[in-house]
2 protein chains.
Amino acid sequence: MDQRVKKKATIYDLSVLSGSSPSTVSAVLNGTWRKRRIKESTAQTILGLAERHQYTTNLQARGLRRSRSGLVGLMLPVHDNRYFSSMAQTFEGHVRSRGQCPVVVSASRDPEEERRTAETLISYSIDQLFIVGATDPDGVHEVCESAGLKHVNIDLPGAKAHSVISDNYEGARMLTEAIIHHFGNDDPLRPDELYLFGGRNDHASRERIAAFHATKKALLGADPEDGVQSSGYSPDITLRAFEVFYQRHGKLPRALFINSSINMEGLLRFMAGRPAEMFSELVVGCYDYDPFGSFLPFPVIMVRQNVEAMIAKAFALIDEPTTPPQSFLITPELIQPRSALKGPLDTLKDMA
Amino acid sequence: MDQRVKKKATIYDLSVLSGSSPSTVSAVLNGTWRKRRIKESTAQTILGLAERHQYTTNLQARGLRRSRSGLVGLMLPVHDNRYFSSMAQTFEGHVRSRGQCPVVVSASRDPEEERRTAETLISYSIDQLFIVGATDPDGVHEVCESAGLKHVNIDLPGAKAHSVISDNYEGARMLTEAIIHHFGNDDPLRPDELYLFGGRNDHASRERIAAFHATKKALLGADPEDGVQSSGYSPDITLRAFEVFYQRHGKLPRALFINSSINMEGLLRFMAGRPAEMFSELVVGCYDYDPFGSFLPFPVIMVRQNVEAMIAKAFALIDEPTTPPQSFLITPELIQPRSALKGPLDTLKDMA
DNA sequence: TTGAAAGCGCTAACAA
DNA sequence: TTGTTAGCGCTTTCAA
């Protein structure tokens, strides 16, 4: 009632009010009082007072003293992407259930920014760092290492810390195979009718491209050299790649392997303003899953990475004592066209 | 070289090494040294030492002392959604450019969780809080208010703090009109052929529903009572609404107003496993923009909320001195089917 | 131009 | 069963 914009209550205030010492108040308030053998009644008094005065722990002070903050970091390449944002969602659930506070930040796929971001988080004494899709995981590792911060790579592997990654080779193999099998025997796909767009020189792309080549060769008997159009992780660069291709060949390939949903957006940009019929015969495989992407006007086979399993494994790894760095593969799932799957949000309670 | 997992350097270490006092070191390191009239040479020495010993400020200590942390909070309903994750992306850019550290967390559209989350962030002495789409903005306000924390509502308005919201009425009016106009004069839409799915009893939904009714009446001359199927912000509840509708009428309406991309996912779930032809005549308006949603096999007119403008306005408001709470409307944009627009990520530098 | 000293709010020995 | 005390690393008067 009286507490307008008054200063927040501290353990000293409660100490005075309760007639106990600050350390007793502290123990009661942070839950260590049972093992400090503090009388039940003393505890209750203090708890009551805390309640009435709306006491909340100053977590910066606690953090300073304990030299850890209760914050757990997740560093993403970007927020604005279903794959990464579902990581964030899943991550949050895990952190919350451990009574800690999730902090999600992005670092724009820039090695410099990645290191700076890690450094900043370390300055806040975060307890653990989950590094997703880092351009330079080992650079970030150095920073964490020298601060004694536990960390783990997700999605893109590093050489110096544990990594949990999608089985990109197997995923791309399944996807390539599915694309090829999508064409019947009466009108089979020719090797020069299947192109891969997107990706750059990172581990994931290399694996996917390798599997793409191998599978093409195995199933179609050949694999023309120019079957891969690298275009980074950028819709516009991918768009340009499609434009160039189209200009050169006068048409799109019959079948596309698209490296990620980001590159897939490049295809959308290419489609915009062009007649829908131009794409009516197209078959697409996309390494990433997006429910809307699954219902485009042509068959889109997608690969869903197992975010829940990856995050769970990452938490398991970060908790265990340090062992030599290892990579753990999580098998992704092939998703047939026109599938609307549940996501992390479906586990939240629905309120109408 | 020598610094293995050694403890981090502090201003005291540098103080000893440089022969200056801790306060001098502090001033040099936090940039206030010019106005403290510290000799250039002293500063350089200290800066050099800091560099060599990889000094980084302990932000918890600074935060404790200054009683603010340099952290700026963004509280979202959920991460896993393009609208909200593009908010996060845009927000990050703003915060970074101010030299602060963004902290993005979600609160699951649960009033209790919203308040707890705000409280936690306050315990870390965050400097400002941006509250997006809160179920109970005024509840969160109480918490912020009594901690003297500057805050602003986004997307869903509160009565007690400034709010920046999408002009839901105007957006829904445009959308409803566009849906109706999409049907030519030779086969015009009848009032009982246009239904709204999704939404619940929040400000945004009420506005949208009001505009939907008014526009229907204005353009179609009538508006049957049962034209609105509330189904919250949940794909599965929306799915069930479609199933119920379908069972009762033996078909879908010719035209749909879908309240959000989340409800749109409910429509996708309804589509899954049903023949594509069933939807070939459908016309949909969706309040939210998603590039993949824009290319579904039937016309989808979308409304894109102006995230950049909303965030920018929110920052402007939170900085200015406190004035009586006010709501600011940001006009959204109607997006024609088959549009692939740029997002916040397009401004990041592309690397191939 | 610089230093001494107090203290932000909390925790954790150690004493009592 | 509880209190005293010494910091965690930094900022900020105030004094020199």
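Lettering of chains follows the sequences in order, A, B, ..., and the numbering in each one begins at 1. Worth saying up front: this structure is predicted, and the values here are computed from it rather than measured.
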Can you say whether a donor on the side chain of A:S23 sits under 3.5 Å from an acceptor on the base of D:dT4, or the other way round? yes

Of the listed nucleotides (D:dG3, C:dT1, D:dT12), which one gets closest to any side-chain atom of A:T24? D:dG3

On the side chain of A:T32, is there an atom forming a donor-acceptor pair with the base of C:dA12 - under 3.5 Å, no angle test? no

Do the side chain of B:Y12 and the base of D:dC10 come within less than 3.5 angstrom through a donor-acceptor pair of N or O atoms? yes

When you check the phosphate oxygens OP1 and OP2 of D:dT2, does a side-chain N or O of A:T42 lie under 4.0 Å from one of them? yes

Here the distance between atom P of C:dG9 and atom CZ of B:R68, to the nearest Å, is 15 Å

Separation of atom CZ in B:R36 from atom P in D:dC14, rounded to whole Å: 13 Å

At less than 4.0 Å, is any side-chain N or O atom of B:N30 found next to OP1 or OP2 of D:dC10? Yes or no. no

Quick one: does B:R34's side chain get under 4.5 Å of B:E40's, heavy atoms only? yes

Pick base, sugar-phosphate or nothing for B:S67, based on heavy-atom distances below 4.0 Å to the nucleic acid. nothing

Whole-Å distance between D:dT2 P and A:L14 CG? 16 Å

Residue B:E51 excluded, over 12 heavy atoms near CD under 6.0 Å: no

Assess whether side chain to side chain donor-acceptor pair (under 3.5 Å) is satisfied between A:H151 and A:Q128, documenting all intermediate values. CA-CA 6 Å; A:H151 57 290; A:Q128 304 173 317; over 6 Å; no

Starting at atom NZ of A:K7, determine the distance to atom P of C:dC8, rounded to an integer number of angstrom. 8 Å

Is there a side-chain polar atom (N or O) of B:S21 under 4.0 Å from OP1 or OP2 of C:dG3? yes

On DNA chain C, nearest-nucleotide positions of B:R65 versus A:R65: which is more 5'? B:R65

Between D:dG9 (P) and A:I122 (CD1): distance, integer Å: 16 Å

Find out whether B:T135 and B:E114 are in side-chain contact, i.e. whether some heavy atom of one side chain is under 4.5 Å from a heavy atom of the other. yes

May I have the step-by-step check of salt bridge (Lys or Arg N to Asp or Glu O under 4.0 Å) for A:E119 and A:R115, ending in yes or no? CA-CA 6 Å; A:E119 236 143 31; A:R115 261 177 287 119; over 6 Å; no

Interatomic distance where CZ belongs to A:R62 and P belongs to D:dC8 [whole Å]: 19 Å

Rounded to the nearest Å, what distance is computed from the CG atom of residue A:L64 to the P atom of nucleotide C:dC8? 13 Å

Consider the side chain of B:S20, meaning its heavy atoms from C-beta on, and name the nucleotide among C:dC10, C:dG3, D:dT11 that approaches it most closely. C:dG3

Whole-Å distance separating the CG atom of B:N58 from the P atom of C:dC8: 18 Å

